[in-house]
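Here the structure comes first, spelled out in structure tokens, and everything after it is commentary.
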There are 2 protein chains.
Amino acid sequence: MAGKAGTTRGRSMTVNMDDIARLAEVSKPTVSRVLNGSPLVSEATRERVLQVARAHGYAVNRNAQKLRQARTETIAVMLDFGSHRHGRIADPFVFELLAGVSEALSVRNQDLLLSPPGLSDAQACIDLIAGRAADGFIFLGQGGREPMLRDLSRSATPFVVWGAVNPENSYCAVGSDNRLGGRLAGDLFVTRGARRWLFVGNVEHEEIRLRHEGLRQAGDAADASIDLLLVEHMAYSAVYAGAAAWLTRHPAPDAVFAFSDTAAMAVIAAFRDAGLSAPDDYALVGYNNIPPAADFTPAITTIEQETHLAGAILVEKLMQQIEGSRAKSTMLPTRLIVRDT
Amino acid sequence: MAGKAGTTRGRSMTVNMDDIARLAEVSKPTVSRVLNGSPLVSEATRERVLQVARAHGYAVNRNAQKLRQARTETIAVMLDFGSHRHGRIADPFVFELLAGVSEALSVRNQDLLLSPPGLSDAQACIDLIAGRAADGFIFLGQGGREPMLRDLSRSATPFVVWGAVNPENSYCAVGSDNRLGGRLAGDLFVTRGARRWLFVGNVEHEEIRLRHEGLRQAGDAADASIDLLLVEHMAYSAVYAGAAAWLTRHPAPDAVFAFSDTAAMAVIAAFRDAGLSAPDDYALVGYNNIPPAADFTPAITTIEQETHLAGAILVEKLMQQIEGSRAKSTMLPTRLIVRDT
DNA sequence: TTGTATGCGTTATCAC
DNA sequence: GTGATAACGCATACAA
């Protein structure tokens with residue numbers, strides 16, 4: 001009947017396993033066994049221990065646990081806030097990915113450490129693992145960090161990447177078939193009879209580079225010209241500004257492929273302000289098939305990525321690596337959704 | 001010249017502080033001091049230790065550190081994926097908030113533990129702190145968890161909330177002046193001469209309830225009727241479906257206040273499909289002022305929340321609590337941005 | 001300025 | 001089934 005959280009000498013305020021052991025009149029290891037669901041413990045003592053633990057609001061110290069165990073049960077997730085920020089976020093797309101990963105991790109009882117922006121070199125990542133802050137990494141979007149990922153793949157660090165799937169890369173990546181996405185857009189432009197195409201996006205991002213490449217394949221076959229509008233960053237406003245500026249210095253294209261649906265919206269706005277409208281003056285294809293794309297005016301033709309499975313797949317493949325196997329890269333289904341533009 | 005990571009008996013593969021101490025020919029505490037930037041150490045030994053540490057890829061074990069120290073330097077951030085998911089995410093807004101929080105935390109060298117979806121009762125939160133997994137919580141959006149937040153505020157758990165600021169609540173909240181936001185929208189409707197208003201949103205969310213209340217204040221004064229369209233969840237598609245269904249069963253409103261800009265877009269789409277367009281047939285106000293709102297067709301009139309500071313403020317107030325002080329709730333500036341609708 | 005000794009709260013290894 | 005004991009890797013009080 002020692003009231004609240006009693007402890008060894010009345011010094012500490014926080015209940016630990018020793019306290020529970022004493023109060024339940026068992027040994028410390030037994031408490032541990034109970035809390036970890038070991039079968040090597042009688043029903044009676046299990047009940048008693050659990051009751052005492054609950055009554056005293058006891059929770060296992062995760063840090064002591066992680067210190068003692070081989071695995072930390074923590075996964076570091078790296079978002080490229082950097083390229084998506086700058087004012088305001090571009091796209092809900094990455095967020096959906098994050099939600100999926102979060103859910104998949106929680107199913108496996110893994111903690112999600114959302115890594116700080118600017119942790120951009122391989123050594124910093126290696127140190128995070130060495131410091132036992134996490135067991136592995138999930139990178140959501142390659143961003144411009146292709147080189148560092150290559151560095152990282154030379155270490156033993158377990159990690160997976162959402163982004164471009166390149167057979168030459170030595171690491172495990174999951175993503176849509178970006179090159180095919182580009183080709184599908186290009187094929188559509190061809191059927192529309194467009195000749196002066198414009199690609200909007202930053203080709204330093206591997207995913208986007210591949211889309212550009214796919215588009216060019218289709219364009220070369222059809223003898224179309226392809227200009228490149230390199231936007232400063234992914235935010236809506238930057239795309240809008242870039243597209244508006246483009247039109248003041250170049251003849252208007254008759255087909256535009258934008259790196260995201262949000263970017264496509266920005267293009268539509270900028271072009272409209274210049275008196276151009278899709279699909280009358282130009283064909284337009286976006287990427288991701290975010291929900292508003294369907295109901296935008298005009299409804300945006302786009303490439304769909306299968307994101308709802310992404311989280312689970314990424315986590316699955318990462319776990320394989322952490323457990324010592326290798327994991328193969330995968331390309332998810334990718335298709336064109338034709339709408340008004 | 002012991003090659004790689006030598007250790008006590010050649011057993012362990014992982015370098016620890018003891019190893020570094022031995023290799024640098026100093027004692028363990030000295031290594032600790034160097035790594036923590038203590039001034040009580042000579043320049044010479046500091047250099048030597050750092051060099052050895054780097055050469056062996058040593059990184060302090062964060063778990064041992066956290067076990068030993070009073071603070072974990074970790075903040076748990078709770079997103080309401082639940083209400084924003086269901087198919088696909090509604091709004092980039094929460095993501096911007098998260099980016100801000102992430103940045104503010106990294107400035108203070110705090111780890112960000114992104115908490116699992118479904119951790120929805122106060123006891124689970126208390127246990128997280130008791131288990132020393134984090135020092136405090138940041139809730140991004142009250143969602144429907146108002147009761148649990150009230151419970152939690154009765155414990156000693158440090159936490160802050162982005163959402164509705166209610167003077168009656170005993171916890172620290174930061175957010176826009178939702179009631180004012182509603183009133184501003186209502187005032188606009190009055191000047192437009194609208195009489196049959198429609199509020200779109202789930203009033204079980206405290207923030208949204210306050211917006212509804214503000215709208216009603218304005219409506220009552222002007223003797224307008226206010227209907228309530230309770231959407232099933234926050235996703236774009238749900239709002240679209242809800243709005244479309246509404247029109248089949250009710251006379252068309254001449255003013256609509258939507259709980260977010262994304263929701264406003266969905267309303268525009270649904271109404272357009274029913275032959276109605278803003279601002280000719282109805283006035284429309286959204287919330288958040290997300291970037292695409294300005295360039296949407298038509299450009300959406302909206303209420304602006306000052307999000308760029310939110311992250312820093314939330315973190316600041318949480319830290320105050322962790323350090324033992326109390327922190328007051330704050331309402332951020334809130335204003336109407338009139339555009340085409 | 002540096003070293004010695006101790007304890008943080010767990011889990012694993014062994015005995016019983 | 002259960003208990004004693006020894007790590008896990010670090011930071012701190014104190015001594016030198």
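Note on naming: letters A, B, ... go to the chains in the order of the sequence lines (proteins, then strands), and numbering restarts at 1 for each one.
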Using a strict cut-off of less than 4.0 Å between a Lys/Arg side-chain nitrogen and an Asp/Glu carboxylate oxygen, indicate whether [X] and [Y] qualify as a salt bridge.
X	Y	result
A:Arg62	A:Asp111	yes
A:Glu103	A:Arg108	no
A:Arg54	B:Asp127	no
A:Lys66	A:Asp135	no

Subject >> Contact state string [nucleotides 10-16 of chain D, B base, S sugar-phosphate only, - no protein heavy atom under 4.0 Å] >> reply: BBB----

Original post:
Does a donor on one side chain and an acceptor on the other come within less than 3.5 Å for A:Lys317 and A:Thr330?
Top reply: yes

Original post:
Do A:Glu146 and A:Asn169 meet the criterion of a side-chain donor-acceptor pair at a distance under 3.5 Å?
Top reply: yes

Original post:
Counting just side-chain N and O atoms, does A:Thr30 come under 4.0 Å of either OP1 or OP2 of D:dG3?
Top reply: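 For D:dG3, OP1 or OP2 has a side-chain N or O of A:Thr30 closer than 4.0 Å.
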
Taking [atom1] from [X] and [atom2] from [N], how many angstroms apart are they, rounded to a whole number?
X	N	atom1	atom2	value
B:Lys66	C:dG9	NZ	P	16 Å
A:Glu73	C:dT10	CD	C1'	14 Å
B:Arg22	D:dG9	CZ	P	13 Å
A:Leu67	C:dG9	CG	C1'	9 Å

**OP:** Using heavy atoms and a sub-4.0 Å distance, could you list which residues of residues 39-53 of chain B are near DNA chain C? By number, please.
**Re:**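 Residues of residues 39-53 of chain B under 4.0 Å from DNA chain C: B:Leu40, B:Val41, B:Ser42, B:Thr45.
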
**OP:** Step through it carefully: locate the ring centre of B:Phe139, locate the ring centre of B:Phe137, and say whether they are under 6.0 Å apart.
**Re:** yes

**OP:** Go through the structure and list residues passing side chain to side chain contact (heavy atoms under 4.5 Å, CB included) with B:Glu43, not counting sequence neighbours.
**Re:**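 Counting only residues at least two positions away or on another chain, B:Glu43 forms a side chain to side chain contact (heavy atoms under 4.5 Å, CB included) with B:Arg46, B:Glu47.
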
